[in-house]
Amino acid sequence: MSEITLVRHGQANTGARDEASYDKLSALGHQQAQWLGNYLRDCKDNYARIYCGTLTRHEETARAMGFDAGQLIRDPRLNEMEYFTLARRMEAQHGLPIPQEREGFVAHLPQVFAAWEADKIGAPPESWRDFESRTKAALAEIAEGEGPALVVTSGGLISMVMRQCLGLDTAATARMALAIMNTSLHRLHNIGGTYAPVLFNAVPHLEAPDRQYARTHL
């Protein structure tokens, strides 16, 4: 089993309220990713394999980190859940309005996760179980490869990985998803034949006082 380092994409279009509009990095998102790439090179961190989802914000993050298109192994199983689609279904079916500011998502996201996991959202783009199973299958395949792997993905998928590693319930998974910062690092090690997180939500490239403004969640 190989060491796996997960990276959440850089800040995306924070004003979006649909999947297509959200799927591009902001100027700050590009800067966050560039700083992260520089940090990893300064630390001499080398990765035998570079994975990313097929979303635009995933590839833009990987490219801003300094990886070229030929290095990237794209896998749609590493894509984020369609949160805005689920949120619109929740609004239409259960009357839960979509928040207009970050603070509103703190209460909104756990409600969406709970309803989705309980199959109470009709006609979702995918079921909770399908999201869970594709996440598990993608990580298992990456784990079988040779050498350390870097995986550029999204916060929801990272929270699902942590759920599977730590046995989290749905409420804890939602809290974890809310905590994950843009371009944060999350590292998994093989301990006793299973993966365990040894690093979570690290942003060493944003620790300097003049970069702390760039610690974003949305």
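Nothing here was measured: the structure is a model prediction, and the numbers come from that model.
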Determine whether a donor-acceptor pair (N or O, by modelled atom type, separation under 3.5 Å) exists between the side chain of [X] and the backbone of [Y].
{"X": "Arg89", "Y": "Pro125", "answer": "no"}
{"X": "Asp23", "Y": "Leu55", "answer": "no"}
{"X": "Glu82", "Y": "Glu19", "answer": "no"}
{"X": "Arg187", "Y": "Glu3", "answer": "no"}
{"X": "Glu117", "Y": "Ala171", "answer": "no"}
{"X": "Thr173", "Y": "Met160", "answer": "no"}
{"X": "Asn182", "Y": "His9", "answer": "yes"}
{"X": "Glu141", "Y": "Ala138", "answer": "no"}

Could you measure the distance from the [atom1] atom of [X] to the [atom2] atom of [Y]? Nearest 0.5 Å is fine.
{"X": "His30", "Y": "Leu25", "atom1": "NE2", "atom2": "CG", "result": "4.5 Å"}
{"X": "Thr153", "Y": "Leu78", "atom1": "OG1", "atom2": "CG", "result": "5.5 Å"}
{"X": "Tyr51", "Y": "Leu6", "atom1": "OH", "atom2": "CG", "result": "12.5 Å"}

Open item on the list: Going by side chain to side chain contact (heavy atoms under 4.5 Å, CB included), name the residues that satisfy it together with Ser26, two or more places apart in sequence or in a different chain.
Closed with: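 Applying side chain to side chain contact (heavy atoms under 4.5 Å, CB included) to Ser26 gives Gln11, Leu28.
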Can [Y] be reached from [X] by stepping across I, L, V, M, F, W or Y side chains whose heavy atoms are under 4.5 Å apart?
{"X": "Phe105", "Y": "Met181", "result": "no"}
{"X": "Leu188", "Y": "Leu166", "result": "yes"}
{"X": "Met90", "Y": "Phe113", "result": "yes"}
{"X": "Val161", "Y": "Ile191", "result": "no"}

Open item on the list: Please tell me whether Arg163 and Thr170 have a donor and an acceptor in their side chains that are separated by less than 3.5 angstrom.
Closed with: yes
- [ ] Please write out which residues are connected to Leu36 in a hydrophobic cluster, directly or through intermediates, given that two of Ile, Leu, Val, Met, Phe, Trp, Tyr count as joined at side-chain heavy-atom separations below 4.5 angstrom.
- [x] Val7, Tyr39, Leu40, Tyr47, Ile50, Met65, Phe67, Leu72, Leu150, Val152, Leu185, Leu199
Open item on the list: Quick one, Asp119 with Ser127, criterion side-chain hydrogen bond (donor to acceptor under 3.5 Å, both in side chains). Give me CA distance, side-chain angles, the key distance, then yes/no.
Closed with: CA-CA 7 Å; Asp119 291 327; Ser127 70; 5.8 Å; no
Contact summary for [X] and [Y], nearest pair of heavy atoms:
{"X": "Leu157", "Y": "Arg134", "answer": "CD1-NH1, 4.1 Å"}
{"X": "Ile98", "Y": "Arg88", "answer": "CD1-CG, 3.7 Å"}
{"X": "Arg41", "Y": "Gly66", "answer": "NH1-CA, 3.9 Å"}
{"X": "Asn201", "Y": "Ala179", "answer": "ND2-O, 2.9 Å"}
{"X": "Ala214", "Y": "Leu206", "answer": "O-CD1, 3.5 Å"}

Open item on the list: Under a 4.0 Å threshold between the charged nitrogen and the carboxylate oxygen, would Lys24 count as salt-bridged to Glu60?
Closed with: no
Task: Basic-acidic side-chain contact under 4.0 Å: Arg57, Glu80 - done: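 Salt bridge absent between Arg57 and Glu80.
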Task: Sequence-distant partners of Trp116, ring-ring contact (aromatic ring centres under 6.0 Å, His included), two or more places apart - done: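 Residues passing ring-ring contact (aromatic ring centres under 6.0 Å, His included) with Trp116: Trp128, Phe131.
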- [ ] State which residue, out of Gln32, Arg8, His205, fulfils the side-chain hydrogen bond (donor to acceptor under 3.5 Å, both in side chains) condition with Thr183.
- [x] His205
Open item on the list: Please determine whether side-chain hydrogen bond (donor to acceptor under 3.5 Å, both in side chains) holds for the pair Asn13 and Ser21, giving the CA-CA distance in whole Å, both sets of side-chain angles, and the decisive distance to 0.1 Å.
Closed with: CA-CA 7 Å; Asn13 179 15; Ser21 300; 5.3 Å; no
